[in-house]
Amino acid sequence: MTKLNIVLFGPPGAGKGTQSAFLIERYGLVHLSTGDLLRAEIKAETKLGLEAKELMDQGELVPDHIVIGMIRNMMEAHLEAKGFIFDGFPRTRAQAEALDEMLNLKSEPIVAMLALEVPEQELVKRLIGRGATSGRADDKDEAIIRNRIREYENKTAPLKDYYSAQGKFKGIDGVGSIEEITARLMKAIG
Ligand code: AMP
C-alpha cells in the first residue's frame, strides 16, 4: 500500500501543530515535528539540546544535519507507519533533498505538500497569544517572532517552488476556525 507521506507546511503560527493533531488521528499517521523533537532534547538537557537552544531562542534555524539525523532516526523507528506528517520539516532546500532521498530509497515519496497560508499580522498576533501559555522563549518577544518569520521567508518559503516542480504543492487558506481549516486540508488530501 502506498504510504500517506505529507509535508504540512507554513510559517510559524500557521497552525501546523494544531492541524497535525487532527490529521494523525483521522488518517492514522505518525507525527514528526522537528520543533517538538528539539524541545524534547532541550528538556532532557542533552548536548544536542543545549546547542540547539541558543539558536532556537533567537529564532534561527538549527543546522540541517541535526534535523535530518533526527528525522532519519524517527522514520527508522516507525517502519510500520501508514505514513508520516512532516511538521516544521523540511525548512531548507538541503533538508527537502535529504528527505526525498530517504523516501525515494523506499519508494515512499511525499504525496503532497499542504501549505497553510496566513498573513504576517495574524501570525504575530497568534504567536504572541500562544507565548502567554506555551512557555516558549521564542514566542514571547515580537522581535524574535519577526526573525522566525524572516527565516521562513528567506530559507523555507522557496520550498513551495521545489514541491511545485514535482506537482505536489497545494496552498490552503489558513485563516478561519480550526474545524474549517481541517476540512480544507482533508479535502486537499482527498
Ligand atoms: P517549530 O516548533 O517548528 O516552530 O520550531 C521551533 C524552532 O526549532 C525553530 O525556530 C528552529 O529554531 C528550530 N527548528 C525546528 N525545525 C527545524 C528545521 N527543520 N530546521 C531547522 N531548525 C528547526
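Both ligands and their constituent atoms are indexed starting at 1 by order of listing. No experiment lies behind these values; they were computed from the predicted model shown.
- Under 4.0 Å from ligand 1, the heavy atoms of L38 that appear belong solely to its side chain.
- Transitive grouping of hydrophobic side chains (ILVMFWY, heavy atoms separated by less than 4.5 Å) keeps V118 and L159 in distinct clusters.
- Comparing heavy-atom distances from atom 2 (O) of ligand 1 across Q58, M70, R39 singles out R39 as nearest.
- Residue-level proximity to ligand 1 for R148 is carried by the side chain, the only part with a heavy atom below 4.0 angstrom.
- No side-chain heavy atom of F86 sits less than 4.5 Å from a side-chain heavy atom of L8.
- Under 4.0 angstrom from ligand 1, there are no non-hydrogen atoms of E151.
- Backbone and side-chain nitrogen or oxygen atoms of D36 are examined, and none is located within less than 3.5 angstrom of a nitrogen or oxygen of ligand 1.
- Under 4.0 Å from ligand 1, not a single heavy atom of K53 appears.
- For ligand 1, one of its N or O atoms has an N or O atom of E60 under 3.5 Å away.
- Remark: ligand 1 atoms within the under-4.0 Å shell around heavy atoms of R136 are 1 (P), 2 (O), 4 (O), 6 (C).
- Among protein heavy atoms, the minimum distance from atom 18 (C) of ligand 1 is reached at R91 CD, 3.4 Å.
- Closest to atom 20 (N) of ligand 1, if we only count protein heavy atoms, is Q95 NE2, 3.0 Å.
- Between E151 and R148, no side-chain nitrogen of the basic residue sits less than 4.0 Å from a carboxylate oxygen of the acidic one, so the salt-bridge criterion is not met.
- The protein non-hydrogen atom at the shortest distance from atom 16 (N) of ligand 1 is T34 OG1, 2.8 Å.
- The six-membered or imidazole ring of F9 lies near that of Y152, with a centre-to-centre distance under 6.0 Å.
- At a cut-off of 3.5 Å, with distance as the only test, no side-chain donor of D138 or Q58 sits close to an acceptor on the other residue.
- For the residue pair N5 and E108, no side-chain donor N or O sits within less than 3.5 Å of a side-chain acceptor on the partner.
- Ranking protein heavy atoms by distance to atom 8 (O) of ligand 1, first place goes to M56 CE, 3.3 Å.
- Contacts between V62 and ligand 1 below 4.0 angstrom, taking non-hydrogen atoms only, involve backbone and side chain alike.
- Side chain of T92 to main chain of K155: no donor-acceptor pair is present (N/O by atom type, distance under 3.5 Å, no hydrogens or angles).
- Listed for the K16 side chain is a donor-acceptor partner under 3.5 Å among the backbone atoms of P11.
- Residue G88 approaches ligand 1 through these ligand atoms, each under 4.0 Å from one of its heavy atoms: 16 (N), 17 (C), 18 (C), 19 (N).
- Look at K47 and E41 and you find no salt bridge, because none of the NZ, NE, NH1 or NH2 atoms lies under 4.0 Å from a carboxylate O.
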